[in-house]
Student: 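Sharing a structure here in structure tokens format.
In what follows, every chain begins at residue 1, and chains take the letters A, B, ... in the order their sequences are listed. Values in this document were obtained by computation on a predicted structure and should not be read as measured data.
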Protein chains: 2
Amino acid sequence: MLSENEQSSVGKPTGLILPLQRATHATLRLLAARLADENLTPSEINALANLADGRVRSVGEVAALTGTKPTTLTSVLDRLSGRGYLRRELDPADRRSFLLHLSPEGDRVARLARAAIESIEEAATASLAQADVAGFIKVLRALEEVSQ
Amino acid sequence: MLSENEQSSVGKPTGLILPLQRATHATLRLLAARLADENLTPSEINALANLADGRVRSVGEVAALTGTKPTTLTSVLDRLSGRGYLRRELDPADRRSFLLHLSPEGDRVARLARAAIESIEEAATASLAQADVAGFIKVLRALEEVSQ
DNA sequence: TATTGTTATACTCTATAACTATA
DNA sequence: TATAGTTATAGAGTATAACAATA
């Protein structure tokens with residue numbers, strides 16, 4: 001008899017994507033709850049967290065980092081911009097493109113988002129081996145790669 | 001000087017949740033594209049795939065498996081039911097609860113969804129070690145657990 | 001001609017609150 | 001009283017097509 005994780009023959013990788021979506025939903029909800037004071041939606045958190053390192057990025061770059069399309073980002077950026085968290089500035093090097101600049105207040109919230117994310121990550125991986133985390137990242141990258 | 005992925009002290013697990021969301025977006029889109037003939041949304045695919053093993057489940061159970069709330073599922077189930085893919089049947093053991101039964105056609109589509117998922121999983125993990133996949137699952141479970 | 005990003009548009013996703021039926 | 005699930009409602013997420021500006 002085989003256990004649930006070794007169902008069939010050799011290393012059949014069943015049950016990666018469904019748990020992936022489940023975990024994404026769960027972490028998204030927790031994240032929004034932890035940041036309830038800032039009243040941020042998952043997409044807003046995601047966008048801010050991807051700008052939290054202080055680097056200026058274009059809309060397209062943030063779209064790629066969040067895994068969405070520029071068109072999806074527009075309304076998110078509108079809201080963040082409306083709150084004064086960031087502003088769009090024409091890229092002098094390519095005037096079709098906008099560079100996203102965080103305001104000091106936006107930077108504060110972005111750091112908060114990043115900290116909340118790291119706190120969850122640390123809690124989750126505290127009792128796991130480094131090799132497991134490394135495997136996690138490898139599989140994630142592979143899933144991304146085949147999904148391009 | 002430290003690289004971006006080793007910012008602070010020891011094995012700080014930075015960069016799990018952001019890539020998680022990115023990979024989720026990417027796989028969701030690929031999945032919908034692969035199943036374009038069936039015209040299914042990500043949530044419909046997710047629900048069906050979680051019923052594809054032929055087991056009868058309640059709305060609440062599928063909600064837990066997909067990582068959403070029952071209220072979110074209602075419209076998804078309405079659409080699937082409207083297409084004749086499943087029907088809600090009162091649970092005789094608890095008449096507040098509905099059991100979800102796939103029709104033969106629903107079962108066909110659910111298997112298709114499951115197969116598409118497995119195909120992506122196999123492509124992604126083909127060149128990875130079993131230990132990496134095992135680590136992936138462990139981290140996923142841990143993230144879910146701390147996010148309850 | 002091709003690309004960046006927005007606008008217009010159309011659905012889907014998501015959840016809270018209120019409700020019904022059952023436990 | 002508590003729980004399962006729906007309905008009503010409101011807003012956020014998602015993408016395609018059309019467009020303007022720039023490359």
Side-chain angles (χ1 to χ4, degrees), chain A residues 21-22 24-33 35-36 38-48 56-83 86-101 147, chain B residues 21-22 24-33 35-36 38-48 56-83 86-101 147:
Chain A
Q21 297 185 15
R22 200 159 55 229
T24 298
H25 278 129
T27 53
L28 242 33
R29 245 197 320 260
L30 176 61
L31 216 37
L35 296 166
E38 304 297 338
N39 213 292
L40 295 166
T41 68
S43 280
E44 289 162 2
I45 295 170
N46 200 345
L48 283 177
V56 166
R57 292 187 172 83
S58 71
V59 173
E61 282 168 342
V62 173
L65 287 170
T66 56
T68 58
K69 309 248 168 183
T71 190
T72 304
L73 267 188
T74 297
S75 62
V76 175
L77 296 176
D78 284 348
R79 284 197 302 271
L80 294 176
S81 163
R83 291 191 192 190
L86 58 78
R87 63 179 199 287
R88 295 164 165 108
E89 208 162 281
L90 269 180
D91 181 353
D94 181 347
R95 293 166 48 77
R96 294 170 303 182
S97 183
F98 289 116
L99 295 177
L100 302 173
H101 293 261
S147 299
Chain B
Q21 296 185 17
R22 201 158 55 227
T24 298
H25 278 129
T27 53
L28 241 35
R29 245 197 320 261
L30 176 61
L31 216 38
L35 295 166
E38 304 297 337
N39 214 291
L40 295 166
T41 68
S43 280
E44 290 162 2
I45 294 170
N46 200 345
L48 282 177
V56 166
R57 292 189 173 82
S58 71
V59 173
E61 282 168 342
V62 173
L65 287 170
T66 55
T68 59
K69 309 249 170 183
T71 190
T72 304
L73 268 188
T74 297
S75 62
V76 176
L77 296 177
D78 284 347
R79 284 197 302 272
L80 294 176
S81 162
R83 289 191 192 190
L86 57 78
R87 64 179 198 286
R88 296 162 164 108
E89 209 162 281
L90 269 180
D91 181 353
D94 180 346
R95 292 165 49 77
R96 294 170 301 182
S97 182
F98 289 116
L99 296 178
L100 302 173
H101 293 261
S147 300

Student: Once you round it to whole Å, what is the distance between C1' of D:dT3 and CD of B:E61?
Tutor: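 That distance rounds to 14 Å.
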
Student: Could you state the CG-P distance from B:D78 to D:dT6, rounded to the nearest angstrom?
Tutor: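 Taking atom P of D:dT6 as the reference, CG of B:D78 is at 7 Å.
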
Student: Output yes when a side-chain donor or acceptor of A:S97 lies under 3.5 Å from a complementary backbone atom of A:D94, and no otherwise.
Tutor: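 No: the side chain of A:S97 does not pair with the backbone of A:D94.
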
Student: Does B:S43 have a side-chain nitrogen or oxygen under 4.0 Å from the phosphate oxygens OP1 or OP2 of D:dG13?
Tutor: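 Result: no.
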
Student: What is the distance from CG of B:L77 to C1' of D:dT6, rounded to the nearest Å?
Tutor: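 The answer, rounded to whole Å, is 11 Å.
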
Student: If you compare all heavy atoms of B:T66 against all heavy atoms of A:H25, which two are closest, and at what distance to 0.1 Å?
Tutor: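 Where B:T66 meets A:H25 most closely, the heavy atoms are O-ND1, 2.9 Å.
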
Student: Using only modelled atom types and a 3.5 angstrom limit, is any donor from either the side chain of B:T41 or the base of D:dT14 paired with an acceptor on the other?
Tutor: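 No.
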
Student: What is the separation between atom CG on B:L28 and atom P on D:dT14, rounded to the nearest whole Å?
Tutor: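 Atom CG in B:L28 sits about 9 Å away from atom P in D:dT14.
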
Student: Phosphate oxygens OP1/OP2 of D:dA20: is one of them under 4.0 Å from a side-chain N or O of A:R95?
Tutor: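 Answer is no, no contact under 4.0 Å.
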
Student: Could you grab the distance from atom CG of B:L80 to atom CG of B:L100, nearest 0.5 Å is fine?
Tutor: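 Here the rounded value is 9.5 Å.
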
Student: Quick one: B:D91 CG to D:dT3 P, roughly how many Å, whole number?
Tutor: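 It is 17 Å, rounded to the nearest whole Å.
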
Student: Both A:L73 and B:E44 contact DNA chain C. Which one's nearest nucleotide lies toward the 5' end?
Tutor: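 By nearest-heavy-atom nucleotide position, the 5'-most residue is A:L73.
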
Student: Looking at D:dT3, C:dG5, D:dG5, which one has an atom nearest to any side-chain atom of A:S97?
Tutor: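 Among the listed nucleotides, the one closest to the side chain of A:S97 is C:dG5.
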
Student: Can you see if the side chain of B:H25 gets near the phosphate of D:dG13 - specifically, an N or O under 4.0 Å from OP1 or OP2?
Tutor: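 Looking at the OP1 and OP2 atoms of D:dG13, neither is under 4.0 Å from any side-chain N or O of B:H25.
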
Student: Where the side chain of A:K69 is concerned, which of C:dA15, D:dA15, D:dG13 is the nearest nucleotide?
Tutor: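 Selected nucleotide (nearest to the side chain): D:dA15.
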
Student: Let me know the distance between CD of B:E89 and P of C:dT22, rounded to the nearest Å.
Tutor: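 Distance, rounded to whole Å: 16 Å.
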
Student: What pair of heavy atoms forms the shortest contact from A:R22 to B:L65, and how long is it?
Tutor: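 Scanning both residues completely, I find the closest heavy atoms to be CD-O, 2.9 Å.
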
Student: With a 4.0 Å limit, can you tell me whether A:T68 has a side-chain N or O closer than that to the phosphate oxygens OP1/OP2 of D:dT14?
Tutor: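 For D:dT14, OP1/OP2 do not have a side-chain N/O of A:T68 under 4.0 Å.
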
Student: Using whole Å, what does the distance between atom C1' of nucleotide D:dG11 and atom CG of A:N39 come to?
Tutor: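 So the CG-C1' distance, A:N39 to D:dG11, works out to 12 Å.
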
Student: Between D:dT7 and B:T71, counting only base atoms on the nucleotide and side-chain atoms on the residue, is there a donor-acceptor pair under 3.5 Å?
Tutor: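 Per atom types, the contact qualifies.
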
Student: Heavy atoms from C-beta onward define the side chain here; which of C:dT12, D:dT6, D:dG13 lies closest to that of B:R79?
Tutor: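 Among the listed nucleotides, the one closest to the side chain of B:R79 is C:dT12.
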
Student: Rounded to whole angstrom units, what separation is found between the CG atom of B:L40 and the P atom of D:dT14?
Tutor: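 Checked: the CG to P distance equals 18 Å.
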
Student: Which nucleotide in the list C:dA21, C:dT6, D:dG5 gets nearest to the side chain of A:T74?
Tutor: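 Of C:dA21, C:dT6, D:dG5, C:dT6 is nearest to the side chain of A:T74.
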
Student: Just how far is it from atom CG of A:L31 to atom CG of A:N46, taken to the nearest 0.5 Å?
Tutor: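 Reported to 0.5 Å precision, the distance equals 9.0 Å.
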
Student: Relative to the 5' end of DNA chain D, which residue comes earlier, B:F98 or A:G67, by the nucleotide with the nearest heavy atom?
Tutor: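 It is B:F98, whose closest nucleotide lies nearer the 5' terminus.
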
Student: So does B:T41 get a backbone contact from the side chain of B:E44, meaning a donor-acceptor N/O pair under 3.5 Å?
Tutor: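 Checked: pair present.
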
Student: Determine: side-chain N/O of B:R88 to OP1/OP2 of D:dA4, distance under 4.0 Å, yes or no.
Tutor: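 B:R88 to D:dA4 OP1/OP2: no side-chain N or O under 4.0 Å.
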
Student: Measuring to OP1 and OP2 of D:dA15, would you say a side-chain N or O of A:T72 lies under 4.0 angstrom away?
Tutor: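 For A:T72, the contact criterion (side-chain N or O under 4.0 Å from OP1 or OP2 of D:dA15) is met.
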
